[in-house]
Amino acid sequence: MMNFNEFWTKKTLIGLGLGQFLSLLITSTGFTSSELAKRGINAPTSQSFLNYVFLAIIYGSIMLYRKKALKAKWYYYIPLGLVDVEGNFLVVKAYQYTSLTSVMLLDCWSIPSVMVLTWIFLKTKYRFRKIFGVLVCVAGLVVVIFSDVHAGDRAGGSNPRKGDALVIAGATLYAISNVSEEFLVKNADRVELMAMLGLFGAIISAIQISILERNELKSIHWSAGAALPFIGFAVAMFLFYSLVPILLKSNGSTMLNLSLLTSDMWSVLIRVFAYNEKVDWMYFVAFAAVTVGLVIYSGGEKGDQRRAVVADEDNERSKHFDEEAGSASSNQGNVDGSWKTGLSRQPDTASTSAAEREDVENMGKDIQGKKS
């Protein structure tokens, strides 16, 4: 049985603290987006623009300081930036139509989307337990949509069904972005990925702002109440983009998924206490279903890793055994070859000795003939 002191290690405490900090960052992005929507500000691309600028400046400066060539083709980052920008655009746009809680829960749609994409393109294999966990998550998402359709104005948005569709579309683009990042990070490093994503994300966002949101930005009456949510969203997104790889490296994806799950809880608390909104009872059913599904999906990774390590050790032992068997076979072959060579040489020696005896006998007969 695990000791309590062994469980509460420094690594575990740091992982829990960092995971909850990331969860609060995600919740704060939802809070700021919802606050801007309530003020009538509809500029989702502009909200994400500053985040990409921060990524490009900070991580780009690190790349320039390193003076190293790109490990991946630069044009690979263009579609990645486009997908990431549009994913953020659709999710932030959804706050104009549906509730904060619905956005936070429906955003979990990215998990089954990632599984399908990695299975198709990266040939990743998933056990039945993970597939079952995803099915439970999807059941929870269906409950959210059903609740929004039947709760009407209690859902906290002008058009909940449209908002739910935008969130699902945005979560699908998030999945495409995550799978693309998984592919690129194997050929590049984290700093390069963040810098190039920030660069092309900022360029694409600037073009989209000039086309879609130019008039919206002009009509905004800028004040502290309008500017602070913009800045807060950008800072929270930048910190989230930067800290997620650290948690993945130190504690793994299980800790990340379970930590971000609490963002739904924080969003419900914000909705109830900050906005004084009534939460439909079906949200709690959906939250429970998503919780159970994510726990099933994330659980057992340590066992899988242990089995993978055992399999690797078995393969290594098998390889070592094969090498020893091959070496023994080679040595046995050398011995057999030497033995056979010796046998093959024995008749030659015998025949040579017989010939020499015959020559001696003939010489003896010649000598005797001469004497006679």
Side-chain angles (χ1 to χ4, degrees), residues 19-51 84-111 140-141 144-145 147-148 154-160 162-175 177 225-241 243-244 256-280 283-284 286-287 290-291 294:
Q20 289 310 299
F21 183 65
L22 290 172
S23 179
L24 287 172
L25 288 176
I26 287 295
T27 306
S28 64
T29 60
F31 176 79
T32 54
S33 298
S34 182
E35 187 66 25
L36 289 172
K38 286 184 174 295
R39 293 176 177 271
I41 299 175
N42 183 16
T45 308
S46 301
Q47 290 180 230
S48 302
F49 174 73
L50 286 178
N51 169 47
D84 198 73
V85 168
E86 299 309 322
N88 287 329
F89 170 80
L90 291 176
V91 172
V92 175
K93 185 76 173 178
Y95 288 99
Q96 303 289 329
Y97 304 102
T98 191
S99 66
L100 174 65
T101 310
S102 294
V103 173
M104 302 302 291
L105 286 173
L106 288 172
D107 198 36
C108 296
W109 171 256
S110 60
I111 292 178
L141 304 182
V144 173
I145 297 175
S147 175
D148 278 351
R154 291 184 300 168
S158 60
N159 193 341
K162 182 177 181 180
D164 293 347
L166 290 175
V167 177
I168 293 176
T172 304
L173 292 181
Y174 279 156
S177 176
L228 288 178
F230 264 96
I231 298 175
F233 180 90
V235 172
M237 287 293 289
F238 172 78
L239 292 175
F240 181 81
Y241 273 57
L243 295 177
V244 162
L256 176 63
N257 287 333
L258 294 178
S259 298
L260 295 184
L261 182 63
T262 59
S263 63
D264 300 325
M265 178 188 67
W266 299 123
S267 68
V268 171
L269 294 177
I270 291 174
R271 183 175 175 183
V272 172
F273 294 104
Y275 296 142
N276 294 319
E277 295 180 2
K278 183 178 180 180
V279 178
D280 191 82
Y283 278 116
F284 296 101
F287 179 78
V290 173
T291 301
L294 285 177

Main-chain N/O of Ile168 paired with Thr172 side-chain donor or acceptor, under 3.5 Å
yes

Does Gln47 reach the main-chain N or O of Pro229 with its side chain, forming a donor-acceptor pair under 3.5 Å?
no

For Lys93 versus Pro44, what's the shortest heavy-atom pair and its separation?
N-CB, 4.0 Å

With distance as the sole test, does Thr27 use its side chain to make a donor-acceptor pair with the main-chain N or O of Ser23 at under 3.5 Å?
yes

For Leu25, is there any backbone N or O sitting under 3.5 Å from a side-chain donor or acceptor partner on Ser28?
yes

So, Ser33 side chain and Gly30 main chain: donor-acceptor pair closer than 3.5 Å or not?
no

Any donor-acceptor N/O pair, Thr98 side chain to Tyr95 backbone, under 3.5 Å
no

Heavy-atom side-chain contact between Phe21 and Leu243 under 4.5 Å:
yes

Minimum heavy-atom distance Ala94-Val103, with the two atoms named:
CB-CG2, 4.3 Å

Has the side chain of Asn88 got a donor or acceptor atom that lies under 3.5 Å from a matching backbone atom of Ser48?
no

Is there a side-chain contact between Tyr241 and Asp84 (heavy atoms, below 4.5 Å)?
yes

How long is the straight-line distance from CE of Met237 back to OG1 of Thr29, given to the nearest 0.5 Å?
6.5 Å

Apply the side-chain contact (heavy atoms from CB on, under 4.5 Å) test between Leu90 and each candidate in Val167, Val85, Leu166; give the one that qualifies.
Leu166

Check whether any side-chain heavy atom of Ile41 sits under 4.5 Å from a side-chain heavy atom of Phe230, and report yes or no.
yes

In the structure I gave you, are the side-chain heavy atoms of Thr45 and Glu86 within less than 4.5 Å of one another anywhere?
no

In the structure I gave you, are the side-chain heavy atoms of Tyr174 and Val91 within less than 4.5 Å of one another anywhere?
yes

Going from CD1 on Ile26 to CG on Leu239, what distance comes out if it is rounded to the nearest 0.5 angstrom?
11.0 Å

CG of Asn51 to CD1 of Ile231: how many Å apart, nearest 0.5 Å?
13.5 Å

